[in-house]
Each structure stands twice: as C-alpha cells, then as structure tokens.
Visitor: 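Below you'll find the structure I mean.
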2 protein chains.
Amino acid sequence: MSKHEGATPANGSPGGEQRLSRASVQRFSLYLRHLERWNDEGLQVVSSSQLGDALGINDAQVRKDLAYLGNIGQPGIGYHLPDLVAALRRCLGIDRPWPAVLVGVGNLARALLRYRGFQRQGFTFVALIDADPKKIGQVVDGLTVQSPDKLPEVLAKTKAELAVIAVPGDAAQGVADLLVSAGVRGILNFAPTVLRVPPAVSLVSVDLAVQLEQLAFLVHLGQDEP
Amino acid sequence: MSKHEGATPANGSPGGEQRLSRASVQRFSLYLRHLERWNDEGLQVVSSSQLGDALGINDAQVRKDLAYLGNIGQPGIGYHLPDLVAALRRCLGIDRPWPAVLVGVGNLARALLRYRGFQRQGFTFVALIDADPKKIGQVVDGLTVQSPDKLPEVLAKTKAELAVIAVPGDAAQGVADLLVSAGVRGILNFAPTVLRVPPAVSLVSVDLAVQLEQLAFLVHLGQDEP
DNA sequence: GGATGTGAACGACTTCACAGCG
DNA sequence: CGCTGTGAAGTCGTTCACATCC
C-alpha cells in the first residue's frame, strides 16, 4: 500500500502519552461510522465488546484505541455514545469542513462526487480539474471543469487543502507535482502509480489493481484447501 | 478483515520455508506492474535496489519478498526480468484468466469496467447485476444488467469465482450473502460496510471514506507543525 | 566489486490477563 | 457483577549486517 508521513505525530489528550498508529486511525473511521448509526438510533451507551463484535475487532484493541481519546469510558458501564462520537470526530480532524479539489473527471470522479459518505463527514469537492480540452468548461454536479493551469488560483480561492487524483497512471506524477507546488497539503491518489511527494505533503493511495490481485491471490491459495 | 492461509508454499528450494504476508502480496503487485513496464522497454536485468528505489521500498525487503519465489536471483548480477515477471504472475495466480461479476451498476462500476489495468492482468467482468428494475435489461459496455436472482445461474454459466460489490452500504451484506450462497470464492467490496463472510470465502475491502478520513487526519496532525 | 539470501535485531501492532472502579 | 484501562506477552513485519557467490 502507500506510505508516507510528513508531520510529527502530535498528541491532544492529557495524561497518557500514546502513539496513534496508522491502523488505529483506520479503525477510528470504522468505529465512527458504526457509532454514528447507533447514535442516530438513539442508543446511549456502548461497550468495547459490542463495538468489537460488530466490526470483527478484538475488544482489548477497541479499548486501547479509545483510551487514546482520554478517560472517556466508565468502568462497569461503557462509553457514552454522543461523547464518544464527538471525541472521535475531533481526533480525526473532521469536526470541521474539508474542501477538496478533484483532478481527473472520469467515471471514478463522478462516483466520488455522488458518494454521500463524503459530504456527511464534511468533505466537499469545490473544484474539478481536467487536462482534456473537451472536458474543460463542462459542468458536472454543479461544478465547472477547469484547466490544470488554474490550480494555484483555485487552491488559493477555495482554501482547499486536499486533492483527489483520479487520472490515468502516466499522468499522475505530473498532477501531483502541480498540486504540491500549488500548495496542497494532502493527496488521495487513485492512479495506479507510486507517487513521490515531499514529506510535508500527506499521501494516501488506493490502488485498485493491487487490491484485485490481492483477492485473486487469496482465492488462488485457497483453491485446493478443504 | 479477511484471513486465509493454507496452501504450502510451492517451493523447490531446500531450507527456507517462509510465509507470504498480506503486505508482501501487495508489494508483489507493485513489483509486477513496474517490472512489466521495464520488461516492455527491453530491460533484461534488475537489482533489488533499483526496484526498491523506484517504489520507495527498502532493498532488503525486496530481496526477502523475491526470495519467496525460489532462488531466482543471481548474486553479483540481479534478477532476470522475464523470469521474474513470469514467477510473480504465477505466484499471484494471475497467469490465468479471472472472470468476475460486478454487482451494483453505478458510476463506480462504470469506472471499474473501463479501467484498463484489470484486463491487462487477466481480470474480465463477465456479468453485471443490479437490483434496480430500471437498470435491469440495460446494456453497459456490452453486458446486459441482470437481476440478483440470476446470480446462481450466472456464476454457474460464466464460471466466475470473483465478485465485486459496488452497491450502497445498506445493501452490501445482503448481496454478499447472495454471492456466498451462489458459490463465489472471493469478494472485493467497495461498500462502506464491514462484511461478514464465511472463512472459505476471501474478502478484500476498499473503504473510500476511511481512506479520505485517514488523509484528513494526517493533514490535521501536520497542521501546526513546522 | 556488486548483488543475493538470510539470521538476528529491531520495531510495530495485537492479544492476554488482570487490577481497579462503578 | 460488568466493563474500562493498561502492563506484559506474544505475533507479525521490517531493517540491518554480513556471509556467500558471480
């Protein structure tokens, strides 16, 4: 998968000085989504084992993760759901809006634009960029596609700190370089390429081909097994 | 997440009997993609450090990974590219075709259907499934959308062992159950839900919301740091 | 010299097990 | 009693360092 880390791991909470691993952060997202649903359903309290069972995660792991948020759980009772949700959102940094630009207006981009899960967590696409002259000027989901030249001014104007790259593999590094020099802070890359960005810029990659091959490998392995 | 283990490492060499970790398999895919490009460009030999540098991976790691393929490298020289590519494909199980069905015909599905990287590695979508009556009967990329009821016969007829789930979160577990009872062997899940499948079925999940939140977290962290 | 393969050290993540509190 | 928080143990994965071979 992708690596990359720029900044120093800061820490918010009082008392315990632990490290948030990448894996914990991913679990935080899973916790949050599930908890928000339970919260909407009116549930007030939840225990580490309930949450763990629902997600297929060991309960001690859940407690270790949540302990990072401060002493938020009550022994003998569990965790107060609304507090927990709020603490998770704050910790993940999604207690505020995250405007983002989307580079590469193909089918994947359309899928992302219409994916409700993003808006719900505060992510909004505020600009569309594509190098194809035939696409520039088109309006998709209320946004006008603009040329990559415009990136610096678009980022300045919209205050977007995040970008999503959804272009073909051979164009991706060029786009990334452009984004970096325009001052982007984080990139979510869907192109099938290993990107190089300076350490101050965060990078998360989702490589579809890799995931599908991983699956093929697992099935391939299990082939002759009882 | 899903597990799976079982088959013995088909390995002729005496001595070293290692296990292929999930992480190694993912790197295998990255290696393969890069090596195929170099191979097409006519390169004959490659070293672990060249490959590692290109991908941002430690060279010892590369050697450890490749050692799993048998004693394929030549000390003082490097790895013979065509052999290496062939060995990787065989090991990953993509030295043969992988027909797959795609459930949920939205924008994401269209993006996947048109993604060239899949075909190149032997993955082909042989059927489209969607529960929406308005979509059933439509033809997308040469395939007619069919009802989920048809899954058992579709899997039987097409010999597809893999399925891709690209439906909304609340429908995903139902689809997975259907696929499992229709005899699927592996599922690639894009729905924002933690799926439960029996251990004989392999599962790989790509959770877009989680990845974007991971990115937000990294940027959020780095915010006030030099 | 240059590059592989690999034990051993290291580090990261997960699970266990239990003290302590409501 | 049930449930949290956490040291300790265990497991897994990565990096180092070096013997070995071309």
Side-chain angles (χ1 to χ4, degrees), chain A residues 1-5 9 13-28 30-31 35 43-81 83-84 87-88 214, chain B residues 1-5 9 11-28 30-31 35 43-81 83-84 87-88 214:
Chain A
M1 210 158 277
S2 92
K3 242 151 302 193
H4 238 234
E5 191 10 40
S13 294
E17 211 60 14
Q18 298 142 68
R19 259 295 187 283
L20 253 201
S21 72
R22 198 164 181 121
S24 301
V25 176
Q26 311 230 65
R27 282 192 299 271
F28 273 16
L30 295 178
Y31 298 156
L35 293 171
L43 199 60
Q44 284 291 318
V45 170
V46 74
S47 75
S48 59
S49 41
Q50 277 169 36
L51 187 51
D53 287 351
L55 265 47
I57 294 172
N58 182 292
D59 59 313
Q61 180 78 77
V62 174
R63 288 196 297 280
K64 270 240 159 81
D65 285 341
L66 298 187
Y68 179 89
L69 301 171
N71 286 22
I72 209 177
Q74 287 180 279
I77 309 289
Y79 300 85
H80 183 60
L81 243 162
D83 291 355
L84 185 48
L88 278 170
Q214 161 98 38
Chain B
M1 307 280 140
S2 89
K3 248 157 310 193
H4 236 204
E5 253 341 281
N11 188 336
S13 295
E17 207 70 4
Q18 300 143 64
R19 253 303 184 277
L20 255 199
S21 72
R22 197 165 180 122
S24 301
V25 176
Q26 311 230 65
R27 282 192 299 269
F28 272 16
L30 295 178
Y31 298 157
L35 292 170
L43 200 59
Q44 283 290 319
V45 169
V46 73
S47 74
S48 58
S49 40
Q50 277 169 36
L51 187 51
D53 287 352
L55 265 50
I57 294 172
N58 181 292
D59 58 314
Q61 180 77 78
V62 174
R63 287 197 297 279
K64 269 241 159 80
D65 286 342
L66 298 187
Y68 179 88
L69 301 171
N71 286 21
I72 209 178
Q74 287 181 279
I77 308 290
Y79 301 85
H80 184 61
L81 243 163
D83 292 355
L84 185 49
L88 279 170
Q214 161 96 38

Visitor: Without decimals, in angstroms, what is the distance between A:N71 CG and C:dC21 P?
Guide: 12 Å

Visitor: Partners of A:Y31 by side chain to side chain donor-acceptor pair (under 3.5 Å), sequence neighbours excluded?
Guide: A:D65

Visitor: Over how many whole Å does the gap from A:H80 atom NE2 to D:dT4 atom P extend?
Guide: 15 Å

Visitor: Which nucleotides of nucleotides 12-20 of chain D have their base under 4.0 Å from a protein heavy atom (B), which only their sugar-phosphate (S), and which neither (-), written as one string 5' to 3'?
Guide: -SSBBB---

Visitor: According to side-chain contact (heavy atoms from CB on, under 4.5 Å), who are the partners of B:N58, at least two apart in sequence or on a separate chain?
Guide: B:A60, B:Q61

Visitor: Figure out the CG/P separation between B:L66 and C:dG5, and round it to whole Å.
Guide: 8 Å

Visitor: Rounded to whole Å, please give me the gap between CD1 in B:I72 and P in C:dT6.
Guide: 14 Å

Visitor: Which atom pair, heavy atoms only, marks the closest approach of B:P75 to B:G73?
Guide: CD-O, 3.6 Å

Visitor: Name each donor-acceptor pair under 3.5 Å that joins a side chain in residues 43-51 of chain A to protein atoms two or more places apart or in another chain, with its distance.
Guide:
{"from": "A:S47", "atom 1": "OG", "to": "A:S49", "atom 2": "OG", "distance (Å)": "3.3"}
{"from": "A:S47", "atom 1": "OG", "to": "A:Q50", "atom 2": "N", "distance (Å)": "3.2"}
{"from": "A:S48", "atom 1": "OG", "to": "A:R63", "atom 2": "NH1", "distance (Å)": "3.1"}

Visitor: Of all heavy-atom pairs between B:I72 and B:L84, which one has the smallest distance, and what is that distance?
Guide: CD1-CA, 4.1 Å

Visitor: Taking CG from A:L84 and C1' from D:dT4, how many angstroms apart are they, rounded to a whole number?
Guide: 13 Å

Visitor: Between B:Y79 and D:dC22, does any side-chain N or O lie under 4.0 Å from OP1 or OP2?
Guide: no

Visitor: With sequence neighbours left out, write down each residue that passes side-chain contact (heavy atoms from CB on, under 4.5 Å) with A:D53, or none if nothing qualifies.
Guide: none

Visitor: Just to confirm, is there a sub-4.0 Å distance from OP1 or OP2 of D:dT4 to any side-chain nitrogen or oxygen of A:S48?
Guide: yes

